[in-house]
Amino acid sequence: MALLPILQYPDERLHTVAKPVAQVDDRIRRLVKDMAETMYEAPGVGLAATQVDVHERVIVIDVSEQGDDLLVLINPEITWYSEETKVYEEGCLSVSGIYDKVERASEVKVTALNEKGERFEFDADGLLAVCVQHEIDHLDGKVFVEHLSMLKQTRILTRLRKQQRETKKVDAKVTV
């Protein structure tokens with residue numbers, strides 16, 4: 001297994017719409033293992049293939065307290081959204097250090113393939129529902145900050161660009 005580099009917002013590759021997986025094979029199973037290792041190491045509760053610059057519809061999620069209940073979703077689709085919504089504070093491995101409130105459906109019904117290529121369906125609520133919607137957004141080329149007001153998006157971009165400039169300055173000093 002290998003740790004994969006996670007793309008950082010505002011990297012344009014995060015806006016690429018992922019293509020469906022044509023066949024669940026050893027390559028996809030290897031990707032799932034690498035994504036899971038990357039997610040746990042980060043640490044996070046979800047990771048979409050788009051975030052590791054693989055533009056196929058693959059997600060790994062683990063919202064358990066112990067981090068021992070990996071959920072693999074290949075070609076996931078939300079087939080039903082509740083009318084009731086809930087606001088959660090979200091963060092993202094691709095938007096380091098930024099957290100904000102996002103309103104999403106409080107419950108969803110999902111169909112997907114597992115790592116064996118078998119179709120399954122489940123209902124999700126709470127953190128799992130939020131995570132599924134967040135990660136499917138990634139597969140559709142959308143980052144959670146795009147659910148926020150334009151003012152907040154601008155502030156976040158300004159903050160992240162400043163952090164990137166400061167990191168480059170520190171890196172330049174270290175290598176000289």
Side-chain angles (χ1 to χ4, degrees), residues 1-81 86 88-100 102 104-147:
M1 291 192 285
L3 291 178
L4 304 170
I6 298 172
L7 298 177
Q8 293 300 303
Y9 183 77
D11 191 309
E12 282 302 314
R13 293 172 289 179
L14 290 168
H15 296 294
T16 304
V17 176
K19 293 179 175 21
V21 171
Q23 181 179 351
V24 179
D25 55 16
D26 288 342
R27 181 184 65 82
I28 294 296
R29 285 186 279 279
R30 166 64 56 207
L31 174 63
V32 164
K33 287 178 182 173
D34 291 347
M35 286 175 58
E37 183 179 359
T38 302
M39 176 190 71
Y40 287 127
E41 181 70 23
V45 296
L47 187 67
T50 301
Q51 292 176 271
V52 295
D53 204 18
V54 176
H55 303 286
E56 294 181 85
R57 299 187 76 78
V58 178
I59 294 171
V60 294
I61 294 174
D62 189 342
V63 296
S64 69
E65 290 289 324
Q66 301 78 19
D68 62 356
D69 191 20
L70 184 66
L71 176 62
V72 175
L73 304 175
I74 300 168
N75 295 339
E77 293 179 47
I78 297 175
T79 58
W80 175 83
Y81 294 86
K86 192 156 187 178
Y88 284 88
E89 185 164 86
E90 294 186 28
C92 181
L93 296 175
S94 290
V95 192
S96 299
I98 305 292
Y99 299 88
D100 213 318
V102 176
R104 297 192 185 267
S106 60
E107 297 177 64
V108 293
K109 185 179 291 277
V110 182
T111 61
L113 301 176
N114 64 20
E115 60 269 42
K116 295 176 184 174
E118 302 164 336
R119 180 159 298 287
F120 68 105
E121 182 176 89
F122 65 97
D123 296 325
D125 60 7
L127 180 57
L128 180 57
V130 169
C131 196
V132 167
Q133 291 171 82
H134 177 111
E135 300 307 333
I136 288 178
D137 271 358
H138 277 300
L139 298 180
D140 293 337
K142 189 170 186 177
V143 180
F144 93 95
V145 297
E146 294 165 24
H147 285 280

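We're numbering straight along the sequence, starting at 1. Since the structure is predicted, the reported quantities are computational estimates derived from the model, not experimental observations. Heavy-atom basis, side chains included; hydrogens, waters and symmetry copies ignored.
Residues forming a side chain to side chain donor-acceptor pair (under 3.5 Å) with Ser106 (at least two apart in sequence, or on another chain): Ser82. For Tyr88, there are no ring-ring contact (aromatic ring centres under 6.0 Å, His included) partners two or more places apart in sequence or in a different chain.
Among all heavy-atom pairs drawn from Leu139 and Ala49, the shortest one is CD2-N, 4.3 Å. Of all non-hydrogen atoms in Thr38 and Ala2, the two that sit nearest each other are OG1-O, 3.8 Å. Contact record, Gly46 with Cys131: CA-SG, 4.0 Å, taken as the closest heavy-atom pair.
For residues 126-138, the pairs satisfying salt bridge (Lys or Arg N to Asp or Glu O under 4.0 Å) are Arg104-Asp137, with sequence neighbours left out. Residue pairs meeting the side-chain hydrogen bond (donor to acceptor under 3.5 Å, both in side chains) criterion with at least one partner in residues 14-25, sequence neighbours excluded, are His15-Glu146.
In this structure, Leu93 CG and Leu47 CG are separated by 6.0 Å, a value rounded to the nearest 0.5 Å. Atom-to-atom distance recorded for Phe144:CZ and His134:NE2 is 7.0 Å, nearest 0.5 angstrom. Atom-to-atom distance recorded for Met35:CE and Met39:CE is 8.5 Å, nearest 0.5 angstrom. Note: Leu7 CG to Tyr9 OH = 13.5 Å, rounded to the nearest 0.5 Å. Between the CD atom of Gln8 and the CD atom of Gln51 there is a distance of 9.0 Å, given to the nearest 0.5 Å.
Within a 6.0 Å sphere centred on NZ of Lys142, other residues, nucleotides and ligands contribute more than 12 heavy atoms.
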Just distance, no hydrogens or angles: give the donor-acceptor pairs under 3.5 Å from side chains in residues 115-126, sequence neighbours left out.
from	atom 1	to	atom 2	distance (Å)
Glu118	OE1	Asn114	ND2	2.9
Asp123	OD1	Lys109	NZ	3.0

Tell me which donor-acceptor pairs under 3.5 Å the side chains of residues 69-77 have, and how far apart each pair is, sequence neighbours excluded?
from	atom 1	to	atom 2	distance (Å)
Asn75	OD1	Val21	N	2.7
Asn75	ND2	Val21	O	3.0

Tell me, with the steps shown, if Asp140 and His138 meet side chain to side chain donor-acceptor pair (under 3.5 Å).
CA-CA 5 Å; Asp140 293 337; His138 277 300; over 6 Å; no
As a quick check of understanding, evaluate side-chain contact (heavy atoms from CB on, under 4.5 Å) for His147 and Val145, giving each step before the final call.
CA-CA 5 Å; His147 285 280; Val145 297; over 6 Å; no
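Using a 4.5 Å heavy-atom cutoff, the side chains of Glu56 and Ile28 are in contact.
Under the 4.0 Å criterion applied to side-chain N and carboxylate O atoms, Asp11 and Arg13 are assigned as salt-bridge partners.
Between Leu128 and the choices Val108, Val63, Val45, Asp62, the side chain to side chain contact (heavy atoms under 4.5 Å, CB included) rule is met once, by Val63.
Not a single donor-acceptor pair under 3.5 Å links the side chain of Glu37 to the backbone N or O of Lys33.
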